[in-house]
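Counting begins at 1 with the first residue of the sequence. Side chains are part of it too, since the values below use all heavy atoms of this structure and drop only hydrogens, waters and symmetry mates.
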Amino acid sequence: MRYFLLVIFLVIQLSGFPQSNYDAYFKKTVSIIEKNYIGYHYISNGKLDYYTYFKTNLLNTHLNTISDLAKNIQLYMDFFEDRHLYLTVSDFYKNAPIATDTFKCASIDTHTYYLKIPDFDNQAALDSLLNCSIERDSMLLFENLVIDLRRNGGGKNLFYRRLLPLIATNDMYTRRYELLATKENWASHQTRNKMGTLTEKEENKIIDAPWQKSHHNFITEYSPSGVNQYPKRVAVLVDRNTGSSAEKFVLCAKQSFKVKIFGENTAGAVDFGDVCVNEIIKDSLYIVYPTTNVYDYKINGVDSRGIAPDFYLQPENQIEQILNYFEYWN
């Protein structure tokens, strides 16, 4: 009888142990997001009571497995409706997968050149693509250029700037970004940007992102020293999976007189950005959250609808449709 009671006691203890751990992991997640996620600080007064009620219900939910934890975190994150806020199974800043086989460049016909850029993460692949297309294929002698950004979920802003000299006809601008300057966010960005030291006055405040070139509302992203004669016409092809830094490229490209956007509305992941990764369970579960926002996103936000193309295309044979447009495009 005593042995039976001991077994029952151990079963209860062991079943309760992971549950209490996963409950604690969820509380840790909420704490990280409320402190470091810039979107949390813009919850309107009208939604704050509902957020508190919603969060309390989730905190009172007992979590028995890592699957329960992941579902609870995802449900919590869905409240914010932010595509930059999500769960992942690894820290991609340390373990970023690199794929080079989907970067493509080729001439379509004697007038048109094609670039397929699936992400702005892989600098080596992008550099190789541009070197090959310019030096081997003489891309800058073609009248038409198609830049295919379908399924390009973004990456690093620095990399898309490599394309701007190819298409610019005038100065290109981006909007000013603001940073939630917590110690954690500052330390994360310090590894990728020259930031200086976080001051007591700045800590936990929303400030101008320190790595920006200026503090004006519109910042010069690229200023051409001259304009390439070719290509004369540039079609940027996008879809609903074109997001983040790829959308920032689209917003710059739209400012060139050579460029038109084709396809469908983009993902809508621009208003918030510059993500950080935080470990919840080592080697198992991480959260990704934005630390910056565009200064005027409440007035000129993109995320609710994405960027609309100049020309909508049918889903089939989109390259052929663009080639038809080139025939009538002066």
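The six-membered or imidazole ring of F80 lies near that of Y37, with a centre-to-centre distance under 6.0 Å.
Counting heavy-atom neighbours within 6.0 Å of F257 CZ, excluding the residue itself, gives a total of 12 or less. Enclosure of atom CD in E81 is not indicated, since only 12 or fewer non-hydrogen atoms of other residues, nucleotides or ligands lie within 6.0 angstrom. Around atom NZ of K205, more than 12 heavy atoms belonging to other residues, nucleotides or ligands sit under 6.0 Å away. The number of heavy atoms from other shown groups lying within 6.0 Å of NE2 (H216) does not exceed 12.
Clustering ILVMFWY residues whenever any of their side-chain heavy atoms sit less than 4.5 angstrom apart, transitively, puts I219 in a cluster other than the one holding M172. Taking hydrophobic clusters as Ile, Leu, Val, Met, Phe, Trp and Tyr residues chained together by side-chain heavy-atom distances below 4.5 Å, F249 shares a cluster with L130. Clustering ILVMFWY residues whenever any of their side-chain heavy atoms sit less than 4.5 angstrom apart, transitively, puts W329 in a cluster other than the one holding V259. L63 and I280 fall within a single hydrophobic cluster, where Ile, Leu, Val, Met, Phe, Trp and Tyr are joined by side-chain heavy atoms under 4.5 Å apart, directly or via other members.
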Inset, instruction - List the steps, then state whether side chain to side chain donor-acceptor pair (under 3.5 Å) holds for N317 with Q321. - result: CA-CA 7 Å; N317 304 315; Q321 294 176 61; over 6 Å; no
Inset, instruction - Could you check I307 against I261 for side-chain contact (heavy atoms from CB on, under 4.5 Å), going step by step and ending with a plain yes or no? - result: CA-CA 9 Å; I307 303 167; I261 312 302; 5.7 Å; no
Legend entry - Test side chain to side chain donor-acceptor pair (under 3.5 Å) applied to Q255 and Y222, step by step: CA-CA 11 Å; Q255 299 172 51; Y222 178 73; over 6 Å; no
Inset, instruction - I would like to know whether I287 and L87 meet side-chain contact (heavy atoms from CB on, under 4.5 Å); could you show each step before the answer? - result: CA-CA 5 Å; I287 56 171; L87 278 170; 3.7 Å; yes
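No hydrogens or angles considered: nothing links the side chains of D171 and T220 as a donor-acceptor pair under 3.5 Å. Side-chain polar atoms of N185 and Y289 form a donor-acceptor pair below 3.5 angstrom. For the residue pair D137 and Y113, a side-chain donor N or O sits within less than 3.5 Å of a side-chain acceptor on the partner. At a cut-off of 3.5 Å, with distance as the only test, no side-chain donor of D274 or Y177 sits close to an acceptor on the other residue. Looking at D78 and Q74, their side chains do bring a donor and an acceptor atom within 3.5 Å of each other. N241 and R151 form no side-chain donor-acceptor contact under 3.5 Å, judged by distance and modelled atom types alone. Looking at D239 and T242, their side chains do bring a donor and an acceptor atom within 3.5 Å of each other. Under 3.5 Å, the side chains of Y297 and E178 contain no donor-acceptor pair of N or O atoms.
Salt bridge D208/R176: present, at least one basic N to carboxylate O contact under 4.0 Å. Taking the charged nitrogens against the carboxylate oxygens, E143 and K232 have no contact shorter than 4.0 Å, which rules out a salt bridge.
A cation-pi arrangement, defined by a distance under 6.0 Å to the six-membered ring centre and an angle within 45 degrees of its axis, is absent between K47 and F54. Cation-pi geometry between K55 and Y40 is not satisfied (NZ or CZ under 6.0 Å from the ring centre, within 45° of the ring normal).
A side chain to side chain contact (heavy atoms under 4.5 Å, CB included) with M77 is found for one member of I33, N72, D82 and no other, namely I33. Screening D271, V238, T266 against E247 for a side chain to side chain contact (heavy atoms under 4.5 Å, CB included) leaves a single residue, T266.
With contacts defined as side-chain heavy-atom distances shorter than 4.5 Å, the pair K254/D310 qualifies. The shortest distance between side-chain heavy atoms of I117 and L163 falls below 4.5 Å. P210 has its side chain within reach of W186: a pair of non-hydrogen atoms, C-beta onward, lies under 4.5 Å apart. With a 4.5 Å cut-off on side-chain heavy atoms, I322 and L313 count as touching. With a 4.5 Å cut-off on side-chain heavy atoms, L179 and W211 count as touching.
Ring orientation note: the planes of Y160 and F120 are nearly perpendicular, at an angle over 60° on the 30°/60° scale.
Looking at every heavy atom in both residues, K35 comes nearest to L180 through O-CD2, 3.4 Å. Looking at every heavy atom in both residues, T169 comes nearest to P224 through C-CG, 4.4 Å.
One distance of note links CD of Q123 with NZ of K156; it measures 8.5 Å at 0.5 Å rounding.
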